[in-house]
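Written out below as structure tokens is the structure these notes cover.
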Amino acid sequence: QVQLVESGGDSVQAGGSLRLSCTGARSGNDRLAWFRQAPDKEREGVASTRTGGGPTYYADSVKGRFTISLDNDKNTMYLQMNNLKPEDTAKYYCARGFRGGRWSDEMVYKYWGQGTQVTVSS
């Protein structure tokens, strides 16, 4: 059974950095992703990778600033966030799925964590 738990969210100043963690990202042929949702906005894909390796994907708004990675020994997925901006403020979720499709499509994912809040002030 799959259980995903996010941690690492905090309140930071613009330009700061945070690293989010998601436990429960077990090895296999799964698609893993980070999503985020700000109040009164649609949930959007942030970054994605696969448990078996392969290409990574990023939203245009975070390219060059965020990095997704996996540590299979710890069953943990990370999102390193640098040069944070106020528009990055959102609740961040990790997700795991098996269905084929575009990486940023929520329908791909079956399992979701509870989310962790990131707040960036200017």
- request: Over all heavy atoms of both residues, which pair between Cys94 and Met77 is shortest? Give the atoms and the distance, please.
  value: CB-CE, 3.6 Å
statement: Closest heavy-atom pair, Gly9 versus Val118, reported as atoms and distance to 0.1 Å, is CA-CG2, 4.1 Å
query: What is the distance from atom CD of Gln80 to atom CZ of Arg19, rounded to the nearest 0.5 Å?
result: 7.0 Å
message: Please check: side-chain N/O of Ser48 versus main-chain N/O of Leu32, any donor-acceptor pairing under 3.5 Å?
response: yes
- prompt: Distance-only, no hydrogens or angles: does the Arg96 side chain make a donor-acceptor pair with backbone N or O of Tyr111 under 3.5 Å?
  reply: no
- prompt: Counting N and O atoms only, with roles assigned by atom type, does the side chain of Glu6 sit under 3.5 Å from a partner on the main chain of Gln114, one being a donor and the other an acceptor?
  reply: yes
message: For Trp103, is there any backbone N or O sitting under 3.5 Å from a side-chain donor or acceptor partner on Tyr109?
response: yes
field: Closest approach of Pro86 to Ser122 (non-hydrogen atoms, all atoms of both residues)
entry: CG-CB, 3.9 Å
Which atom of Leu79 lies closest to which atom of Ala47, heavy atoms considered: CD1-CB, 4.2 Å
query: Is the ring centre of Phe35 less than 6.0 Å from the ring centre of Trp112?
result: yes
- request: Compare every heavy atom of Arg99 with every heavy atom of Met107, then report the nearest pair and how far apart it is.
  value: O-CD, 3.7 Å
Output side-chain donor-acceptor pairs under 3.5 Å for residues 54-62, partner residues at least two apart or in another chain, one line each.
unit_1 : atom_1 : unit_2 : atom_2 : d
Tyr58  : OH     : Ile68  : N      : 2.9
Asp60  : OD1    : Lys63  : NZ     : 3.0
Ser61  : OG     : Arg36  : NH2    : 3.4

